[in-house]
Each structure stands twice: as structure tokens, then as C-alpha cells.
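Lettering of chains follows the sequences in order, A, B, ..., and the numbering in each one begins at 1.
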Amino acid sequence: MPEKFITDLHIHSKFSRATAKNLDLEHIYMAAMIKGVSVVGTGDFTYPAWIAEIEEKLEPAEPGFFKLKHELKKRLDKEVPKTCHNKVRFILQTEISSIYKKNDRVRKNHNLIFFPEIEIVKKFNSILDKIGNIRSDGRPILGLDAENLLELMLSVDDRGIFIPAHIWTPWFSMFGSKSGFDTIEECFGSLSKHIFAVETGLSSDLPMNFRVQNLDNLSLISNSDAHSPRFIGRNASIFNTDFSYFGIREALIKKDITKYLGTIDMYPELGKYHYDGHRNCNVCFNPVQTLEFDGICPECSKPLTLGVLNRVQKLADRPEGFIPENRHGYQSIVPLADILSEIFKVGPNTKKVNANFNKAIEQIGPELEILLNKSIKEIEKAKIPLLAKAIEKMRQGEITISPGFDGEFGKVKIFKSENLSLFGTKKTAKKKEKQSKTISTMPTFTKAISKPDQKQQVQEKGLNKEQKKIVLTERLPLIVEAGPGTGKTRTLTEKIAHLITEKKVEPGSILALTFTNKAANEMKQRISKMILCKKSKTLSVSTATFHSFCLMILKEFTSFDFAIADNDTRGGLIKNACTSKKIKPADADLIIQKEKQNLQTFKNHGNKTIQNIWQKYESLLLANNLVDFEDLILMTVKLLQKNNDLLLKLQKRFIHIFIDEYQDINKAQYVLIKLIAGNGTNLMVIGDPDQSIYGFRGSDNKYFKQFTDDFPDSKKIILNKNYRSTQTILDASFQLIASQDVTNSKKKIFSDITGQKEKIIIVETASEKAEAVAVGKMIEELIGGTSFLSIDALNVKTAKEYSFADFAILFRTKKQALVFEEIFEKANIPFQSPNKEKTKAQNKDKNQSELWNHEQDFLEFEAEKISLMSIHASKGLEFPVVFVVGCEETFIPFSKNGKTIDNIEEEKRLFYVAMTRAKDILCLTHAKKRMIFGKTCAREKSNFLSSIEENLKQYQNSDFKKKIKNIIAKQLELF
DNA sequence: TGCCCCACCGTTTTT
DNA sequence: CGGTGGGGCA
């Protein structure tokens with residue numbers, strides 16, 4: 001049997017940011033009754049503690065609905081006036097904030113998700129838990145594409161309900177002016193058909209939505225988005241269907257106007273974002289006025305925050321007042337507290353208003369009943385002066401509203417309309433000035449305007465002159481010095497493709513060597529992509545790491561059947577071999593590995609202790625049929641030195657040899673290359689000696705530098721056109737690296753990127769914690785806020801096209817990541833870090849049996865995250881915004897005991913690598929003091945910073961108090 | 001063998 | 001501060 005009931009399907013719990021502490025199930029229950037709402041969302045079901053509370057206090061009721069357990073209900077019912085008693089049900093609901101990049105623009109939207117069962121919610125949560133952080137806030141922020149979120153929901157249970165939330169609000173919504181889409185299809189692609197309802201939000205009513213054809217096939221619902229109990233039901237929806245989750249779902253899908261009756265909305269003008277304007281400039285415009293001012297604020301000359309009305313007009317394809325056929329209805333209300341507030345001329349959240357509110361509901365009934373249904377006579381019974389009259393006027397629409405704008409709620413007047421100009425500049429008192437000033441001390445960013453089609457241009461025009469030369473050079477040993485961002489790998493793959501497609505070289509005769517599996521795979525992919533484009537046969541180019549290449553040779557040409565000892569195994573064997581206490585196994589391990597990288601054997605090792613351990617270690621390896629990683633190369637070299645026939649055979653097979661990151665080779669690898677490449681005809685190596693940062697594992701860029709001596713008839717080509725960074729970043733990084741080698745000015749690379757120059761930002765903070773906070777705030781500002789709260793607090797006025805994946809935080813030691821993790825966790829900023837990945841891997845191991853495998857079947861989505869990584873790990877990567885943190889002596893350059901620096905040139909190169917990861921914005925931070933090994937240490941700014949000339953740097957002090965003082969002082973000067 | 005306490009020491013990371 | 005490992009004791 002269908003029945004009529006009122007729903008509020010979007011609220012939050014006390015676990016969401018900026019919500020009331022009493023937003024628990026008890027208060028939600030009582031508030032729903034008082035308001036006259038029968039079905040209320042639980043909010044925040046992604047939050048583990050909240051789900052625990054739900055399980056503890058609720059039990060299943062009608063299908064997909066939940067009710068308070070009996071004892072609790074009995075207790076609470078006593079506290080609610082009898083006139084308001086009614087059944088209240090809960091529906092499992094959450095809101096998820098997505099911030100991500102799609103079609104080259106940053107998108108931010110909020111979406112509501114509903115499920116009928118707690119077990120399904122838990123399943124959904126466990127998957128989300130792996131994608132992002134659901135534990136720090138009731139409304140999680142995920143870098144997950146809304147389309148993927150929908151896909152995920154459907155894959156967990158297709159009886160779920162997915163509703164884009166408050167679709168018109170400027171900052172965080174599907175149609176938002178700041179970072180939304182123009183159509184549902186643009187946002188949800190082929191999954192759009194699974195969107196059957198949208199939430200209109202506080203600042204829009206149905207007639208506004210009716211003007212947009214794109215919404216015609218959807219049910220339009222309204223909810224309160226309450227952050228405290230008293231706001232529950234301020235917006236709501238009315239159903240006349242089966243009293244169950246599935247009744248609601250079906251009514252929304254079928255758009256049957258006898259089953260879904262429509263919305264109860266506050267007048268949209270009361271919403272925070274109805275008109276356009278600037279709150280802090282006291283400018284409030286209607287869309288026409290905004291147009292007159294070209295969308296620019298006359299006070300501060302920055303773009304105005306465009307409100308909902310403006311955005312609706314942009315997307316509207318129908319005139320104002322258009323009502324499509326077969327549409328459900330709507331009713332407009334002014335909250336009872338606001339009416340009482342006007343009657344008694346006190347704030348809506350005051351004792352007086354509360355007392356009279358209670359009086360009204362005790363005498364008459366729930367709020368929505370009073371506002372919509374009760375007769376004027378009944379209302380008069382409450383004996384509240386003017387109330388009946390006010391409600392009568394309200395029902396007839398005889399009210400005046402000064403519209404909300406830029407985060408400020410609108411204001412309603414029922415009895416008098418003076419001083420309420422609907423148009424024009426507001427004259428309200430300046431509030432929150434201090435807060436806005438605080439924020440304005442943050443660095444202001446202007447995005448470097450790189451030509452958007454930069455990359456495409458390169459592709460269209462093909463390669464630049466030098467790159468072309470590289471591709472066309474034949475039958476000569478070739479060394480390419482390629483600075484950061486100069487298109488190194490692209491040129492390499494182009495050359496290989498050229499050989500195959502143009503020169504008809506047999507792909508099997510090409511060998512491309514790299515150092516990591518990741519690099520090898522990437523190269524393989526890029527080559528095959530390119531070749532397939534040019535319609536060639538299947539790819540059989542050998543792309544390999546040095547180690548996998550050697551393994552292949554050993555397996556193919558020796559009969560020695562062995563396994564490879566991984567790190568743990570090797571460590572174990574070394575430990576067993578370490579009978580002497582004079583040396584720690586870890587140190588012995590390092591020494592032995594390094595010796596092997598230099599093609600040494602234990603036989604002629606000088607140190608007796610090491611020699612002993614090493615010999616024992618070798619016999620242990622042999623006894624277990626094991627070889628270590630370095631043996632792979634060592635043994636191959638030995639094999640080829642002994643067996644000339646085999647060497648000739650391999651030389652015949654691999655005619656064209658390419659080596660990427662040549663600056664990273666060690667002696668064993670060098671000897672191997674010289675063997676295989678013979679006289680070097682058709683050998684090409686590419687790399688950047690300034691990015692040699694793996695000395696500690698045997699790499700030596702001397703091999704790069706001596707290439708022209710090794711192969712006297714070789715050719716050297718330098719790539720110095722950079723397609724990654726701004727000239728400022730390149731200038732600064734060159735000044736750093738050139739301080740080691742001024743003679744080679746040829747090496748200087750030049751940016752191909754034109755546009756605004758952003759200086760290198762240098763930030764000094766009081767402590768490591770302050771450093772993390774400062775970085776977090778800068779990121780929030782560049783993203784344009786991650787939550788409503790930060791929007792209100794940060795006074796962000798311009799949309800910046802950055803999303804989480806655009807940021808990297810680089811540090812010298814992994815320990816530095818911890819404080820960033822802690823702060824970002826609290827701030828609900830999604831991040832990935834070496835520590836986090838490690839725990840993830842450990843958990844994976846732990847869960848390997850029953851559960852994990854099962855879950856792995858689910859779709860895996862990559863959510864956008866900020867990257868926290870060591871500078872070493874960042875090599876080869878690029879990010880629009882890079883923070884190099886801890887730019888302090890003993891970190892950069894690193895020194896173990898605070899005095900001796902192992903290899904200052906390599907430290908410089910390391911910093912060079914860090915700086916050149918940045919595309920648009922480079923920020924170098926340092927703390928005045930920090931905790932190191934449990935002790936607070938005074939810290940000195942890295943001397944490397946002083947090799948960057950002053951006019952490339954912009955200093956930013958994160959000491960806000962000082963800034964505020966300055967501002968106040970300046971203001972006083974004016975008088 | 002197992003457990004507890006104290007001393008010690010502290011980069012970067014791939015195969 | 002926090003993990004590890006050796007030494008001492010049960």
C-alpha cells in the first residue's frame with residue numbers, strides 16, 4: 001500500500017567537518033520527528049565509527065529502512081512532544097567529495113550514495129578504503145572520477161542509488177560554475193543512464209531547474225544537507241509510494257508524479273549561492289549586473305563568484321517560467337525559526353526563538369505541518385503573536401528576500417520590506433574581516449600560462465632539429481646528452497621506430513637497455529604504440545633491464561640451473577656468513593655488492609674479515625643453487641670474456657643497441673656494454689650526467705663522460721630545448737648545477753614554454769609541523785579549496801586548474817614524510833607515500849588468504865592523490881607543482897653526522913633533479929627548527945639555495961601573525 | 001629457548 | 001623518538 005511521507009535524504013553526522021557535535025542518531029531521530037520528516041538519511045556511512053554506531057543503535061525495519069532499537073526509541077519519545085510523534089526511519093546514505101581532472105579541467109563534485117543493507121555498505125567501504133582515505137572525515141575527499149565512483153557503486157550493488165548533490169553550487173557540484181560540467185553526459189559518460197535523480201540544492205528551486213532540458217528525464221529531489229539537527233528538513237521531498245527503500249528508488253526511477261510528489265524548498269534566494277558577488281567586498285549582483293561588470297568585482301577587480309541563478313541561466317535552454325509537462329510539484333517555505341526570529345527581532349538560534357518554536361510544535365505539531373498544512377485557526381491556538389499572520393503571508397508568497405551570495409545566506413523579511421534593495425551593492429557591516437586578511441597573507445599564485453597545445457605542437461611538428469638529427473644519425477657510436485624535460489625517451493623511441501619502419505631493420509636485432517623494470521616496460525609500450533600506429537608487424541624489440549638481459553643470456557647459454565636470491569635471502573646468507581663481530585652484516589652486504597659491481601672477487605680483496613665473510617657467502621650461494629643480482633651481470637661478463645664464439649653470436653643478434661640513463665651505469669655494466677657493442681657502430685647511449693644520483697650503488701657518470709674517448713669516432717648531440725618547465729625554474733636549476741661546472745655552458749637548457757613567470761617560492765617555517773601545514777595550505781589554495789569550509793575560510797576567488805595528482809612533495813629522507821602524512825590525514829587531503837605503500841603491501845601479504853583475493857575481483861580505480869616521495873624516487877617524473885621540503889643543511893646536502901658530506905656534487909645533482917621535476921611552480925621550504933631523533937634541533941637553510949640568484953626567488957614567510965601586524969600597521973598609515 | 005632490558009644508531013634504492 | 005639486536009637472566 002502506498003503511503004505519503006516526507007524525506008530528507010542528505011544529512012551529515014557529527015563525524016563530518018564543521019558539523020554539530022550532537023549530530024548523532026538520537027538527535028537526528030528527535031529532530032526528524034519535530035520537523036515532520038519520516039525518512040532521514042544517516043549521512044556519512046563511509047565513516048567506520050559512524051557505521052559502528054548505526055549498527056549499535058539501529059535495526060532493520062521496512063525493506064532497506066532502519067529504525068531505532070526499541071529501548072532507545074522509548075526513551076527518546078518521552079522527550080518529543082506528543083503532537084509530533086510519528087514513525088521515523090533511517091536510510092543508509094553518504095556523501096562523497098570527488099576532486100579530479102577530466103578533459104583537462106579540474107572537476108569537483110559531491111555525490112550522494114544509498115544502499116539498502118549494512119553489509120553492502122561495508123563491502124563498498126572496504127573498497128573505498130583502498131582507493132582513498134575514508135577515515136579522517138565523514139564526508140571523504142577522494143581524487144576519484146565521479147564516473148568511476150558510480151561504476152564502483154554499481155559493481156558493489158546495482159540496487160544502490162547515486163544522486164549528484166546540490167548540482168548548482170559553484171564550488172562542488174556537477175553543474176557548478178567553478179569546476180563542474182555542462183551536461184550529465186559530460187560528467188558520467190555512458191553511465192549517465194544510471195543517474196535518475198539529482199538534488200536541486202538550497203539555492204535553486206524547481207522552476208529554475210525546469211529551464212534546463214538536460215534534466216527533463218530526471219527526478220528532482222531536495223534535501224537539507226544538514227550540518228546540525230535544527231536544519232534537518234529545511235529542504236525535503238514528498239513521496240506517495242511503498243514505505244521502503246525500494247519504494248523511494250522506484251518512484252524516482254519511474255518519475256511517476258503520483259508516487260514522487262515533489263519538493264519542499266526554502267526560497268532559493270535564501271541559499272548561500274543564489275546571486276553573484278564577493279562576500280568580503282560586500283558586492284552582491286544579479287546576473288544582469290554581473291554581465292554589466294564583465295564578471296569582475298568593482299572592488300577588488302577579481303572575478304566574482306558566480307551564483308546558482310547565473311549558472312542556471314547559462315545552461316538554460318528555455319525561458320524563465322517554463323514548466324515542462326508531467327512534472328512533479330514544489331512548495332516554498334521559510335523555516336519556522338526564521339519567521340520567529342523576525343517576529344521577536346532576535347537571532348534564529350536564540351533562547352527566545354527556541355522557546356517559541358517549542359511552544360508552537362507542542363501546541364500545533366511538527367514544523368512542516370505548521371508551515372504547509374495546519375489551518376490558520378489551528379496555528380492561532382499556539383498564541384504566538386503574529387505567527388498565524390506571518391505563515392499566511394509566507395504561504396501566499398508575500399515576503400521579501402535579500403538574496404544570498406558568495407557563501408552568505410539570504411535574508412527574509414515578511415512584515416516590512418524597507419532597506420531590502422534586491423539589487424545593487426550591499427551595505428551590511430563588514431564581518432570576518434580579520435579572517436579574510438589572515439588568508440590574504442598566503443602567497444598568491446598565478447598559474448603559469450603554458451600554451452595548452454604545447455605537447456601537441458611538438459607532436460605535430462614532429463621532432464626538433466637536434467632530435468631529428470639523432471633519429472637520422474647512422475653507423476656511428478652516438479652519445480646524447482639530454483637535460484631534464486628535453487624529450488629524451490621520446491626521441492629514443494622515435495629512433496627505434498624509424499629504424500623499423502623506414503630502414504626496415506629487423507626488430508629482433510634491436511636491444512634497448514634500461515635500469516628498472518618500470519622504464520623497460522614503459523619503453524616497450526611506447527615503441528609498440530608507435531609502431532602499431534605506423535602499421536607494422538608485431539613488436540619483437542628486446543627491451544630489457546641490464547639484469548633481465550643477463551639472466552636471459554645465462555639461462556640460454558649455460559646449463560647452470562640457479563635461482564636468484566632476493567634481498568631477504570641474500571641478507572640471511574650474509575648474516576650466516578658473518579661470524580666476525582667486527583662488522584655488521586648490513587655493512588658487509590653493501591661492501592660485497594659494491595665490489596661485485598666493480599667486477600671484483602673475494603680472492604683479491606684486501607680486508608681479511610670481509611674476504612672471509614665473502615668467501616663463506618659465496619659457498620652458501622653455491623650450496624643453495626643461488627646467485628645474487630650482481631652475479632647476473634658479473635657472470636655474464638665473465639662468460640662473454642671467456643667464450644668469444646658466444647660473444648660474436650650475440651653481437652650478430654643485437655646489431656642496434658640503445659641504452660637509456662647511461663649516466664647511471666656502473667663498471668660491470670660498462671664492461672658488458674663494451675663487450676656486446678664491439679666497436680660501437682650502431683650503439684646509442686642517452687642520458688644526463690647532471691642527473692647521476694645513484695653513486696651509492698655503484699653508478700658513476702665518468703663512463704658517460706669518457707664515451708667519446710672510448711669510441712673516438714663517435715658523435716655527441718646535446719638536447720637543450722626543454723618542454724617541461726618555465727624558464728625561471730630552468731634558470732634557477734642551472735645556476736645550482738653550473739656552480740659545479742661553469743665551463744660547460746653548452747649544457748644550459750632553454751624552456752620552450754612562454755607565459756607568466758612564477759618565481760621560485762622560498763618558504764621558511766617555524767617547525768617541521770608548520771612546514772607541512774604551510775604546504776597543505778598552499779595546495780588547498782591552488783586547488784581552490786577542498787571543502788566548503790576551506791572555501792569560506794580561505795577566500796579563494798579564482799579557480800585554479802590544479803588537482804591532487806598535480807602536486808609532489810619531495811624530501812631527502814623518508815622520515816620527513818611522516819609529519820606530512822599526519823597533517824594531510826587530518827586535513828583530509830588524499831596522498832600517497834612510501835610509508836603508506838609499504839603498509840598497504842604488508843596488509844596485502846597478511847590478507848593474502850580468504851578476503852583479499854575475493855576483493856581483487858572488483859574494479860580497481862586510481863584516485864588522484866598528492867605524491868609524497870623521496871627525491872631519488874622522483875627521477876624521470878614531472879609535476880605541475882613541486883614542493884622540495886626540508887631544504888636545510890644536513891638534509892640538502894645530506895650529511896650523516898652533521899659534518900661530513902659524502903659526495904657534495906652528487907647531492908647537488910640530487911637537488912637539481914628535484915628542482916627540474918617542476919613544470920609551473922617550484923616551492924622550496926625549510927624549517928627553523930625540527931625534531932630529529934627525538935631532539936629539537938636548530939636548522940639552517942640549505943646553502944644550495946644561495947646559488948640561486950635573488951631575483952628568481954620570492955620569499956614567503958609562513959608566520960601569519962607577523963603578516964597581520966604588518967597589514968594592520970599599513971591600514972593605520974592611511975589615517 | 002624465550003623474554004626483557006638497555007644500548008645504540010639513524011640516507012637514497014634497483015635488480 | 002623508535003626500531004633492532006645483543007646480552008643477561010629464567
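Of the candidate nucleotides B:dT11, B:dG10, B:dT15, B:dT11 has the atom nearest to the side chain of A:T813. Closest approach to the A:R697 side chain among B:dT15, B:dT14, B:dT11 is made by B:dT14 (side chain taken as heavy atoms from C-beta onward). When distances are taken from the side chain of A:F894 to each of B:dT14, B:dT13, B:dT11, the shortest belongs to B:dT11. Checked against C:dC1, B:dT13, B:dT15, the side chain of A:M931 finds its nearest nucleotide in C:dC1.
A search for salt bridge (charged side-chain N to carboxylate O under 4.0 Å, His left out) contacts involving A:K488 returns A:D660, A:E661, not counting sequence neighbours.
Summarising the geometry, the separation between CG on A:L513 and C1' on B:dT15 is reported as 13 Å, rounded to the nearest angstrom. With rounding to whole Å, A:D589 atom CG is found 13 Å from B:dT14 atom C1'. With rounding to whole Å, A:I871 atom CD1 is found 10 Å from B:dT13 atom P. Here the P atom of nucleotide B:dG10 and the CG atom of A:D587 are 9 Å apart, to the nearest Å. Rounded to an integer number of Å, the gap from A:I901 CD1 to B:dT11 P is 17 Å. Rounded to whole Å, atom P of B:dT14 lies 12 Å from atom CG of A:D664. Distance A:I892 CD1 to B:dT12 C1': 12 Å, rounded to the nearest Å. When rounded to the nearest whole Å, the span between CZ of A:F549 and P of B:dT14 equals 23 Å.
Distances shown here put a side-chain N or O of A:S870 below 4.0 Å from the OP1 or OP2 atom of B:dT13. When the side-chain nitrogen and oxygen atoms of A:N517 are compared with OP1 and OP2 of B:dT14, none of them lie within a distance under 4.0 Å. A:K896 has a side-chain polar atom (N or O) that falls below the 4.0 Å cut-off from OP1 or OP2 of B:dG10. Checking the phosphate oxygens (OP1, OP2) of B:dT13, a side-chain nitrogen or oxygen of A:K814 falls inside 4.0 Å.
Ring-base stacking between A:F696 and B:dT12 is satisfied, the centre separation being under 5.5 Å and the plane angle under 30°.
Contacts of A:N567 with the nucleic acid, taken as non-hydrogen atoms under 4.0 Å apart, include base atoms.
Within residues 613-625 of chain A, no residue is approached by DNA chain B to less than 4.0 Å at the level of any non-hydrogen atom.
Cation-pi geometry between A:K616 and A:F602 is not met: the NZ or CZ atom fails to fall both under 6.0 Å from the ring centre and inside 45° of the normal. Annotation: cation-pi pair A:R939/A:F891 present, NZ/CZ under 6.0 Å from the ring centroid and within 45° of its normal.
When ring centroids are compared, A:F549 and A:F654 come within the 6.0 Å threshold.
Comparing the C1' positions of B:dT13 and C:dG2 gives an interatomic distance of 22 Å, to the nearest angstrom.
Ionic pairing of A:D589 and A:R570 is present here: one or more N-O contacts between side-chain nitrogen and carboxylate oxygen are shorter than 4.0 angstrom.
Partner A:D664 forms a side-chain hydrogen bond (donor to acceptor under 3.5 Å, both in side chains) with one of A:Q691, A:R697, A:K875 and no other, that one being A:K875.
Applying the ring pair (Phe, Tyr, Trp, His ring centres under 6.0 Å) definition to pairs two or more places apart or across chains, those involving residues 562-597 of chain A are A:F560-A:F562.
Here the closest heavy-atom approach between residue A:R812 and residue A:I892 is recorded as CB-CG1, 4.3 Å.
Annotation: of the two residues near DNA chain B, A:H547 and A:F933, the 5′-most nearest-nucleotide partner is A:F933.
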